[in-house]
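A short worksheet on the structure shown next.
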Amino acid sequence: MVFVKGNHASLEFFEGVNKHVDKGGPVDIVYLDFQKAFDKVPHQRLVSSHGIREKVLPWIGNWLKDKKQRVGINGQLSEWRGVNSGVPQGSVLGPVLFNIFINDLEKAVTNEVAKFADDTKLLKIVKSQADCEELQKDLSKLGDWATK
């Protein structure tokens with residue numbers, strides 16, 4: 001499994017894919033898109049179970065706490081509502097918190113996973129029906145992770 005960080009995530013991932021292809025191996029890649037991924041990170045789960053150290057935890061909790069939002073359409077504004085999920089997009093900390101949240105994504109997966117923020121790829125060299133079934137099992141495991 002691979003956890004690729006930084007701006008070169010796609011280049012590093014495809015360099016690995018090219019090595020398999022250069023050896024003549026058929027490669028299947030599944031691109032995963034978590035719909036509204038940054039918006040759905042539950043604050044309580046993020047700050048309670050993802051290994052954030054004690055000194056940093058209160059700071060992150062305070063940064064996420066008491067966020068409010070409202071919608072404006074044609075000059076009309078809705079009431080302010082509390083936000084209890086999501087990490088702020090456009091901030092430096094948002095993608096970092098998202099990566100912490102999905103840190104355990106590939107724990108039960110046997111094939112190669114590359115992830116950077118909400119961009120996730122699953123890779124498998126598929127030479128047989130058994131390989132296809134193994135890839136499908138990993139997809140099911142990732143689906144189960146996403147629904148919990």
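Only a predicted model underlies this, so the values are computations on that prediction, with no experimental measurement involved.
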Could you tell me the separation between the CG atom of Asn111 and the NZ atom of Lys141, rounded to the nearest 0.5 Å?
-> 8.5 Å
With rounding to the nearest 0.5 Å, note down the distance linking CD in Glu79 to NZ in Lys68.
-> 10.5 Å
Would you mind telling me which of Leu122, Asp138, Leu142 makes a side-chain contact (heavy atoms from CB on, under 4.5 Å) with Val30?
-> Leu122
State the NZ-CD distance between Lys19 and Glu15, to the nearest 0.5 angstrom.
-> 5.0 Å
Can you find a pair of side-chain heavy atoms, one from Ile73 and one from Gln76, that are under 4.5 Å apart?
-> no
For the atom pair CG (Leu135) and CG (Leu139), what is the distance rounded to the nearest 0.5 Å?
-> 5.0 Å
For Ser78 and Val71, indicate whether the former's side chain and the latter's backbone hold a donor-acceptor pair under 3.5 Å.
-> yes
Taking all non-hydrogen atoms of both residues, which atom of Ile125 and which atom of His20 are closest, and how far apart?
-> CD1-ND1, 3.0 Å
Does atom NZ of Lys67 have more than 12 heavy-atom neighbours, drawn from other residues, nucleotides or ligands, at distances under 6.0 Å?
-> yes
Closest contact, heavy atoms only, Gly72 versus Leu77 | CA-CD2, 3.5 Å
Interatomic spacing from CD in Glu112 to NZ in Lys124 - rounded to 0.5 Å | 11.0 Å
Consider only side-chain heavy atoms of I, L, V, M, F, W and Y, link residues closer than 4.5 Å, and tell whether Val83 and Trp80 are in one cluster.
-> no
Rounded distance [0.5 Å steps], CD in Gln136 versus CD in Gln129 | 10.5 Å
